[in-house]
Amino acid sequence: MVKIKIEVLNIWFDAFQVLKEINLEIYENEILSIIGPSNSGKTTFLRMLNRMNELENGFKMTGRVELDHKNIKMLDAQFLRKKVGMVFALPLPLPLTIFENVAYGARIHGEKNKKNLEKIVEEALKKAYLWEEVKDRLNTSAFKLSGGQQQRLCIARTLAVEPELLLFDEPCSGLDPISTAKVEQAMLELKESYTIVLVTNNVKQAARVGDRTAFFLNGELIEIDKTAKMFTAPLDKRTDDYIRGKFG
Amino acid sequence: MNSKKTEKIAFFVLFLATLLIILPVGLVVCIIIQKGFPAMTWQFLTDIPRQGMRAGGIFPALVGTIYIVFGAILFALPIGLGAAIYLSEYTKEHFLNRLIKLAIVNLAGVPSVVYGLFGFAFFVIFFKFGASILSGSLTLAIMILPIIITASREALESVPYSFREVSYSLGASKWQTIRHIVLGNAIPGILTGTILGVGRAAGETAPILFTVAAFYLPQLPKTIFDQAMALPYHLYVISTQVPNVDEKIRYGTALVLLILVFFMNLVAIVIRTQFRKKKKW
């Protein structure tokens with residue numbers, strides 16, 4: 001099942017073209033990893049999916065992006081962002097307690113009942129593999145958690161608004177290997193019920209968790225294929241070079 | 001000359017310059033405390049002026065100043081905060097925005113006597129509020145608006161953009177983000193700015209001279225349309241307009257005004273340090 005369909009996507013920031021003629025599809029319940037060197041447009045691509053780019057100055061976009069066969073331009077941005085959750089590169093807890101961080105999204109979407117909120121928070125924290133570590137101190141500041149815990153808290157916070165699609169923007173770039181493993185484990189579990197797009201600078205991470213992998217270079221989509229194939233027999237020489245660490 | 005010598009000279013000159021700043025401030029405070037302290041009695045603070053202001057207390061002037069200043073915050077804080085939120089959260093850099101910012105900077109540079117004249121023409125005469133607490137508060141409110149707007153904008157902009165981004169990414173609207181995430185973290189900064197503005201307003205003479213201050217009114221104002229006495233103007237009157245006022249009454253009045261303003265600045269500093277301690281990012 002195609003979840004997202006992208007046709008002839010071009011994005012500019014002022015005069016600079018960040019993405020060029022991108023065509024690709026994202027399937028339901030897969031993890032699509034996006035790899036490529038810095039400044040290849042990966043993050044811009046990700047932020048296009050929940051229309052975060054349009055908050056920046058000088059953003060311009062052409063082409064068509066469909067979520068469940070509906071043009072996302074026609075959707076209400078807040079409704080779209082509820083459906084398409086995002087986890088940022090650095091752990092970014094809000095200056096609230098652990099509980100309030102996770103409850104925030106549900107609250108702004110109108111959930112007031114305390115019992116329901118407690119249930120939502122517990123479920124989200126369990127899905128992000130954080131519940132056991134924080135269940136006794138939900139009312140302490142989120143900034144007291146370690147970096148890896150904070151990032152899982154951010155995942156829980158995103159899950160609490162019940163999205164269908166999850167966008168991860170280099171979610172492990174600031175984490176140690178053990179925390180990274182926990183986040184990756186969470187991602188693999190989550191793909192049962194969500195569609196995941198993972199932007200990563202870590203080629204090995206793409207190989208570990210991605211069902212399919214896309215390689216971006218200078219704003220162009222060079223190659224997209226099943227991860228196993230991409231990492232054993234890439235079609236394009238540039239893909240091969242990047243995966244082997246010859247540039248980037 | 002070698003570098004050690006020039007270093008010593010530079011140090012000495014710079015130190016002297018710094019000392020020269022402290023000196024007048026210290027002298028002003030010392031002289032006022034020394035000459036004004038004997039007047040500091042409970043009666044001085046709570047009695048009306050008597051014998052043509054040559055005896056008695058300063059109660060009506062103290063209360064008048066508090067009313068006027070309180071009124072000024074009541075008008076200036078909501079408007080200033082609203083403008084600050086609009087400017088820092090809702091507008092992007094464009095011509096009109098720059099024009100507004102320029103206007104605010106210039107507003108801060110207008111001499112206070114000009115505000116007085118404006119308040120007199122606009123509130124006292126045009127709106128027919130008369131010389132009243134309302135006119136005085138409105139005039140002072142306009143005067144401290146730039147301080148409140150500038151401080152509030154700085155406070156709002158010091159809240160990291162990433163918090164807003166997270167909030168938007170969860171589907172929050174701009175207003176929800178401002179209300180739940182930004183304002184809570186900006187309030188201490190906003191309060192600090194407001195209190196500094198208030199301190200400034202409490203000491204101003206020219207604007208209230210035109211719009212509210214009574215020469216001699218030995219009773220408390222009953223409504224906002226009444227005139228009132230105010231400390232800065234009262235000080236001016238007993239120092240220059242009434243002959244033979246005891247020195248300690250004059251300096252006592254100055255001391256009360258000074259304490260009032262210092263106290264407000266102190267509150268601002270306390271709030272700021274408390275906030276720094278609690279700051280979580």
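Residue numbers begin at 1 in each chain, while the letters A, B, ... track the order of the sequences.
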S.K.: Just give me the residue among A:N50, A:V161, A:L55 that pairs up with chain B most often, heavy atom to heavy atom, under 4.5 Å.
M.R.: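 Most heavy-atom pairs within the cutoff with chain B belong to A:L55.
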S.K.: Looking at B:Y90, I'd like to know if its OH atom is crowded, meaning that more than 12 non-hydrogen atoms belonging to other residues, nucleotides or ligands lie closer than 6.0 Å.
M.R.: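 Yes, the 6.0 Å shell around OH holds more than 12 heavy atoms from other groups.
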S.K.: How about B:Y161: does its OH atom have over 12 heavy atoms from other parts shown lying under 6.0 Å from it?
M.R.: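 Buried by this count: over 12 neighbours within 6.0 Å.
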S.K.: Report the option among A:R157, A:R107, A:K83 that has the most heavy-atom pairs separated by less than 4.5 Å from atoms of chain B.
M.R.: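 Looking at each of A:R157, A:R107, A:K83 in turn, A:R157 comes out on top.
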S.K.: Are more than 12 heavy atoms, taken from residues, nucleotides or ligands other than A:F13, located less than 6.0 Å from that residue's CZ atom?
M.R.: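 Atom CZ in A:F13 is crowded, with more than 12 foreign heavy atoms closer than 6.0 Å.
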S.K.: Got more than 12 heavy atoms from elsewhere within 6.0 Å of NZ, A:K119?
M.R.: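 Incorrect, the count does not exceed 12.
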S.K.: Using a cut-off of under 4.5 Å on heavy-atom pairs, state which of A:Q78, A:R81, A:K144 scores highest against chain B.
M.R.: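 Going by pairs under 4.5 Å, I would pick A:Q78.
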S.K.: Indicate the atoms forming the closest heavy-atom contact of B:F163 with A:P93, along with that distance.
M.R.: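 That would be CE2-O, 3.5 Å.
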S.K.: So for atom CG, which belongs to A:N39, do other residues, nucleotides or ligands contribute more than 12 heavy atoms lying within a distance under 6.0 Å?
M.R.: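 Open.
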S.K.: Could you please state which residues from residues 168-181 of chain B sit under 4.5 angstrom from chain A, measuring non-hydrogen atom to non-hydrogen atom, sorted by number, or 'none'?
M.R.: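 Contacts with chain A: B:Y168, B:S169, B:L170, B:G171, B:A172, B:S173, B:Q176, B:T177, B:H180, B:I181.
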S.K.: Might you confirm whether atom CD of A:E184 has over 12 heavy atoms from other residues, nucleotides or ligands at distances under 6.0 Å?
M.R.: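 Counting neighbours around CD of A:E184, more than 12 heavy atoms of other residues, nucleotides or ligands fall under 6.0 Å, so yes.
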S.K.: Find the one option among A:M52, A:R51, A:M86 whose heavy-atom pairs under 4.5 Å with chain B are most numerous.
M.R.: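 Result: the option with the highest number of such pairs is A:M52.
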S.K.: Considering heavy atoms only, which positions within residues 137-146 of chain B lie below 4.5 Å of chain A?
M.R.: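 None at all.
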